[in-house]
Amino acid sequence: MARALILIGGTIMGSGLLYLRAAQRLGLQPIALSDDPTRYDHFAAKGVESIRVDTDDLDALIRECSRLRATHEIAGITGAADSFYATAGKLCRHFDLPGPNPEAIEQCLDKYTQRQLLAASGVPMPAYRLAANAAEVEDSAAELGLPVIVKPAVGSNSEGVRLCRTADEVVEHTTHLLGGEHTWRSSPRILVEEFAQGPYYTAEIMGKEVVAIGTGEFGPPPHFVYRGGTIPAPLTDEEHERIAEVSLSCLRALGLGWGPTGIEFRWTKRGPVVIEVNPRLHGSPTPQLVHLAYGVDLITEHIKVAIGEECDVRRGHSQTAGVRFLVADRDGTLDWIDGDSQAAAVSGVAEVKFYVEPKAIIERKGNYRDCLGHIIATSSSLPRTEAILQRAFDLIDFSIAPFSIIDEANSPCAKST
């Protein structure tokens with residue numbers, strides 16, 4: 001009887017395929033359960049079974065997993081995206097398999113509840129307020145003082161997140177969120193937060209061990225679209241230790257510490273303050289960067305934990321890995337995109353990946369979906385890795401035909417830097 005790993009739901013930025021391939025390397029039969037398998041990059045992957053099931057219906061998932069047990073030994077059940085990870089935890093509990101605490105996951109996914117728990121434990125973070133309507137959002141912004149971050153209390157991947165520098169921008173974004181343009185997963189609630197200014201860092205954690213600390217850069221405000229990042233972050237030993245200490249405080253405050261956790265920080269005048277705790281791995285290409293930098297495959301180690309085996313996050317080497325994203329600077333139709341083979345041939349480049357194909361409709365939303373692709377590189381030092389990324393980036397080009405300007409249909413879209 002084949003040993004199977006069940007992956008619940010879709011994933012963000014290519015992690016699903018990485019999970020399924022890692023499962024195969026461990027001798028497991030990967031089976032993906034999702035409401036629409038064709039939406040995800042792992043659909044029809046070689047050796048992967050994809051089954052359509054309502055992932056919002058826990059009973060339906062239990063029935064499907066029970067059916068699969070007749071022909072497979074289910075070694076583990078997991079998910080990579082936020083909401084599916086909590087569901088996977090409930091399935092693990094039902095079938096007596098190793099897994100995360102679903103209650104801890106769900107309370108962490110509610111950003112307001114997360115803030116309350118962190119505050120009760122003294123974890124440093126921005127000041128915040130919860131608002132249920134436009135008037136409360138405006139009052140909260142005035143109380144905290146502009147600029148502020150306005151975002152949904154439940155959500156991920158920077159969806160609906162905006163920096164508001166003026167009262168008019170607060171009103172504008174609140175209208176966007178509450179006016180029907182934003183898709184709410186639950187009752188509309190808005191979090192208004194102090195804008196924490198300073199360098200951005202991430203901590204990648206497995207179990208209760210901080211495996212890697214990286215840094216990242218965003219495009220211009222008011223949105224937060226990734227432009228690039230590196231692992232390890234250029235920190236002093238003392239700075240590294242401070243971020244690691246706050247990371248472990250977050251785990252204790254939120255009841256986490258099984259499997260992966262990703263934490264986002266800003267280094268302010270107060271030191272590292274927590275922007276968000278994600279009770280999962282950060283999406284691709286973060287796992288690839290950790291693997292290139294330290295020889296630790298976080299996805300493989302997560303699967304090992306999920307099937308009841310011991311994980312090993314000891315570093316095998318130390319390099320500097322970096323990523324540069326290709327980001328559209330206009331809406332329209334993608335005429336063409338090329339240069340990937342030339343960029344991939346640059347010494348030190350580990351991966352070049354496009355997320356879109358010609359004729360794709362580009363509609364920027366101010367979140368991760370604005371990215372058209374990425375380049376990953378690695379070397380022995382930060383300056384060298386950055387130089388490799390720039391060399392490869394310069395070899396890629398694309399053209400976007402604007403929707404509204406017919407006579408500029410063939411004009412080139414300059415790459416975002």
Would the distance check show the side chain of [X] and the main-chain N or O of [Y] forming a donor-acceptor pair, the cut-off being under 3.5 Å?
X: Arg270; Y: Met125; result: yes
X: Ser399; Y: Trp336; result: no
X: Thr385; Y: Thr378; result: no
X: Ser249; Y: Glu245; result: yes
X: Gln114; Y: Val277; result: yes
X: Asp397; Y: Ile337; result: no
X: Ser121; Y: Ala253; result: no
X: Thr236; Y: Glu239; result: yes
X: Thr286; Y: His282; result: no

When Glu351, Arg324, Lys353, Gln288 are each screened for side chain to side chain donor-acceptor pair (under 3.5 Å) with His374, the one that passes is Glu351
Salt bridge (charged side-chain N to carboxylate O under 4.0 Å, His left out) with Glu386: which residues, sequence neighbours excluded?
-> none
Quick one: salt bridge (charged side-chain N to carboxylate O under 4.0 Å, His left out) partners of Arg129, sequence neighbours excluded?
->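 Residues passing salt bridge (charged side-chain N to carboxylate O under 4.0 Å, His left out) with Arg129: Glu143.
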By side chain to side chain contact (heavy atoms under 4.5 Å, CB included) - contacts of Val346 (at least two apart) | Val349, Ile388, Arg391, Ala392, Leu395
Give the C-alpha distance, both sets of side-chain angles, the deciding distance and a yes or no for side chain to side chain contact (heavy atoms under 4.5 Å, CB included) between Val48 and Gln24.
-> CA-CA 9 Å; Val48 176; Gln24 290 173 328; 3.9 Å; yes
State the [atom1]-[atom2] distance between [X] and [Y], to the nearest 0.5 angstrom.
X: Asn367; Y: His223; atom1: CG; atom2: NE2; result: 9.0 Å
X: Lys208; Y: Arg252; atom1: NZ; atom2: CZ; result: 9.0 Å
X: Thr320; Y: Leu289; atom1: OG1; atom2: CG; result: 11.0 Å
X: Asp394; Y: Ile375; atom1: CG; atom2: CD1; result: 8.5 Å
X: Arg93; Y: Asn101; atom1: CZ; atom2: CG; result: 5.5 Å
X: Ile105; Y: Thr261; atom1: CD1; atom2: OG1; result: 7.0 Å

Quick one: are the ring centres of His302 and Tyr19 less than 6.0 Å apart?
->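 Yes, close enough.
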Which heavy-atom pair separates [X] from [Y] by the least distance, and what is that distance?
X: Tyr294; Y: Pro232; result: OH-CB, 3.0 Å
X: Arg189; Y: Val154; result: NH2-CG2, 3.9 Å
X: Leu298; Y: Met206; result: O-CE, 3.4 Å
X: Ala203; Y: Ser247; result: CB-OG, 3.5 Å
X: Phe325; Y: Pro285; result: CZ-CD, 3.6 Å
X: Ala75; Y: Arg3; result: CB-NH2, 3.5 Å

Side-chain touch [X]/[Y], heavy atoms, less than 4.5 angstrom:
X: Pro221; Y: Arg162; result: no
X: Ile376; Y: Leu389; result: no
X: Leu372; Y: Phe354; result: no
X: Tyr368; Y: Glu159; result: yes
X: Val290; Y: Val211; result: yes
X: Glu276; Y: Lys111; result: yes
X: Pro152; Y: Leu177; result: yes
X: Val148; Y: Glu194; result: no

Would you say [atom1] of [X] has more than 12 non-hydrogen atoms from neighbouring residues, nucleotides or ligands within 6.0 angstrom?
X: Arg21; atom1: CZ; value: no
X: Glu217; atom1: CD; value: no
X: Arg364; atom1: CZ; value: yes

Identify whether NZ of Lys or CZ of Arg in Arg280 sits under 6.0 Å from the centre of the six-membered ring of Tyr85 and within 45° of that ring's axis.
-> no
Over-ring placement of Arg266 relative to Tyr200, 6.0 Å and 45° cut-offs |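 Negative - Arg266 is either too far from the ring of Tyr200 or too far off its axis.
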Answer yes or no: is there an ion pair linking [X] with [Y], defined by an N-O contact shorter than 4.0 Å?
X: Glu103; Y: Lys90; answer: no
X: Glu301; Y: Lys304; answer: yes
X: Asp370; Y: Lys365; answer: no

Under the rule for ring-ring contact (aromatic ring centres under 6.0 Å, His included), what residues qualify as partners of [X], not counting sequence neighbours?
X: His173; value: His176
X: Phe265; value: none
X: Phe224; value: Phe218

Check step by step if side chain to side chain contact (heavy atoms under 4.5 Å, CB included) holds for Leu256 and Cys250.
-> CA-CA 8 Å; Leu256 302 176; Cys250 290; over 6 Å; no
Verdict with reasoning, Thr113 to Arg115, per side chain to side chain contact (heavy atoms under 4.5 Å, CB included) | CA-CA 5 Å; Thr113 301; Arg115 286 277 187 241; over 6 Å; no
Dump the intermediate steps for side chain to side chain contact (heavy atoms under 4.5 Å, CB included) on Leu20 and Leu18, then the final yes or no.
-> CA-CA 6 Å; Leu20 297 174; Leu18 296 175; over 6 Å; no
